[in-house]
Amino acid sequence: MSILSATLSRVSPSPTIAVTTKAQELAAEGRDVIALGAGEPDFDTPDHIKAAGIRAIEAGRTKYTAVDGIPELKDAVCAKFRRDNGLDYSRAQVSVASGGKQILYNALMATLNPGDEVVIPAPYWVSYPDMVRLAGGEAVIASAGIETGFKLTPAALEAAITPKTRWFIFNSPSNPTGAGYSRDELKALTDVVMRHPHVWVMTDDMYEHLAYDGFQFCTPAQVEPGLYDRTLTCNGVSKAYCMTGWRIGFAAGPEVLIGAMRKIQSQSTSNPCTISQWAAVEALNGSHDFIAANNAVFKRRRDLVVGMLDAIEGVTCPVPEGAFYVYPSIAGLIGKRTAGGAVIGTDENFATALLEEAGVAVVFGAAFGLSPHFRVSYATSDAALSEACDRIGAFCAGLQ
Ligand code: PLP
């Protein structure tokens, strides 16, 4: 009998991590590899936030805290939701965990029974379907392709909802496409959810502050106050605050749900890192000036990458509203053969051959539930991006 659980067989290892590992192996063999797979800013954590972490250590703030966050951080989270999103929450409606990932996981573990369904627009962040399956639920994938700017239509959402639906997971700006929903586009989706009172909304607003060209971010409970009592608004400091390694995510929603999430966390990991919580207080309450400066760099890189990739024959690269990803289509390359003799039957074949023959690591679209595409993270230097796009162009030009 296997030591491994049946639940584990419902889950796949992360394909994004597999790509990174393969790129590292090739680099270790001395190959010149440019990695465009990372899901984190290349910028360092700002000094004033680091200093708050150092102060916490020096002040002996190194002990256990309340399971789902210190009151000071919960207050900072409440202030953030009021300031940025016009949403009022009390401390009792706030949960803090070890990253946005744990927030989502706790919420799914706390709410799903076997057979419960969760609607996930594709392309999706790789962890959503697997977290749903780990929690015993069924992921119902609703396609949102390039023709709608990678945005789910109200009709597609309506068609995916059944009596078994517990959650609709919403993510804007999105990983992997960077697509951001306008207020009207989001309102059209919340109108659908309003017609189905048994469906709750889990909104993953992790990329809220990474938006360009004046894009106005909005979140479901703000656009449709009627959903306030059945929305979990999730966010965190990982991306915009360049704090991926500090592991702080947070959410606000109905007290009964927050209490259930606390129970799961109390019997699994307990409080998120105390030092990181104090750093996150500074991140939320302190100066945010660095975000605009970082975004100017991200926007420049986005424009560089979109311009170079969209110019390649067979590749179509839409301009995303936010995050730090682009998600080009390679529909025009399927069926071709590489200079090395590989046939590009799928986007996975494309990514494998691109890595082996051109030394560029990207993540293939099937990993995110929508093919034939690949994801490029542009959270790396302009020089590396420019060289990588040149190599992708030369690789594609060599296809027959
Ligand atoms: N949500 C999305 C859409 C993400 O892309 C990520 C990280 O890649 C997360 C959540 C998780 O963030 P954290 O590192 O805070 O767990």
Side-chain angles (χ1 to χ4, degrees), residues 14-20 35-43 45 49 68-69 73 77 80 95-109 118 120-132 134 139 144 150-152 167-181 201-211 217 219-220 232-252 261 265 268-269 272-273 276-277 279-280 283-284 298 320-327 363 367-370 375-380:
S14 164
T16 44
I17 293 177
V19 169
T20 311
L36 303 181
E40 60 183 345
D42 54 328
F43 304 122
T45 305
I49 299 175
D68 62 355
L73 181 50
V77 168
K80 172 258 171 302
S95 178
V96 181
S98 300
K101 204 171 208 170
Q102 191 184 17
I103 287 283
L104 301 166
Y105 184 75
N106 286 346
L108 293 167
M109 289 299 283
V118 177
I120 302 173
Y124 44 71
W125 179 45
V126 289
S127 294
Y128 298 143
D130 282 318
M131 284 200 274
V132 166
L134 271 177
F150 303 116
K151 292 174 198 172
L152 190 66
W167 289 103
F168 164 44
I169 298 187
F170 178 74
N171 173 220
S172 165
S174 140
N175 178 2
T177 65
Y181 289 67
V201 179
M202 192 177 294
T203 180
D204 180 353
D205 300 349
M206 189 55 81
Y207 294 94
E208 166 177 12
H209 295 297
L210 301 178
F217 172 86
T219 189
L232 184 68
T233 304
C234 309
N235 211 314
V237 293
S238 294
K239 311 285 175 168
Y241 297 89
C242 313
M243 293 177 71
T244 45
W246 296 76
R247 310 306 305 132
I248 297 291
F250 52 81
M261 291 163 63
Q265 193 159 305
S268 50
T269 60
C273 171
S276 300
Q277 289 190 67
L284 294 178
F298 280 139
E321 288 86 359
F324 37 67
Y325 309 105
V326 294
Y327 200 64
V363 186
F368 306 101
L370 188 87
R375 186 191 77 172
V376 164
S377 162
Y378 55 82
T380 191

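Note that ligands are numbered from 1 as they come in the structure, with each ligand's atoms numbered from 1 the same way. These numbers come from a predicted model, not from an experiment.
- With rounding to the nearest 0.5 angstrom, the CG atom of Asn235 is 10.0 Å from the CD1 atom of Ile103.
- Partners of Phe217 according to the ring-ring contact (aromatic ring centres under 6.0 Å, His included) rule, which considers only residues two or more places apart in sequence or in another chain, do not exist here.
- Judged as a salt bridge (Lys or Arg N to Asp or Glu O under 4.0 Å), and not counting sequence neighbours, the contacts of Lys151 are Glu185, Glu321.
- A perpendicular orientation is assigned to the rings of Phe368 and Tyr327, their planes being inclined by more than 60° (bins at 30° and 60°).
- A distance limit of 4.0 angstrom between heavy atoms and ligand 1 selects the residues Gly99, Gly100, Lys101, Trp125, Tyr128, Asn171, Asn175, Asp204, Met206, Tyr207, Ser238, Lys239, Arg247.
- Formation of a donor-acceptor pair under 3.5 Å by the Thr203 side chain with backbone atoms of Pro220 is not found in this model.
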Return a table of donor-acceptor pairs under 3.5 angstrom between the side chains of residues 167-174 and protein atoms on other chains or two or more places apart.
{"from": "Trp167", "atom 1": "NE1", "to": "Thr111", "atom 2": "OG1", "distance (Å)": "2.8"}
{"from": "Asn171", "atom 1": "OD1", "to": "Asn175", "atom 2": "N", "distance (Å)": "3.1"}
{"from": "Asn171", "atom 1": "ND2", "to": "Pro173", "atom 2": "O", "distance (Å)": "3.3"}
{"from": "Asn171", "atom 1": "ND2", "to": "Asp204", "atom 2": "O", "distance (Å)": "2.9"}
{"from": "Ser172", "atom 1": "OG", "to": "Tyr181", "atom 2": "N", "distance (Å)": "3.0"}
{"from": "Ser174", "atom 1": "OG", "to": "Thr177", "atom 2": "N", "distance (Å)": "3.3"}
{"from": "Ser174", "atom 1": "OG", "to": "Thr177", "atom 2": "OG1", "distance (Å)": "3.0"}

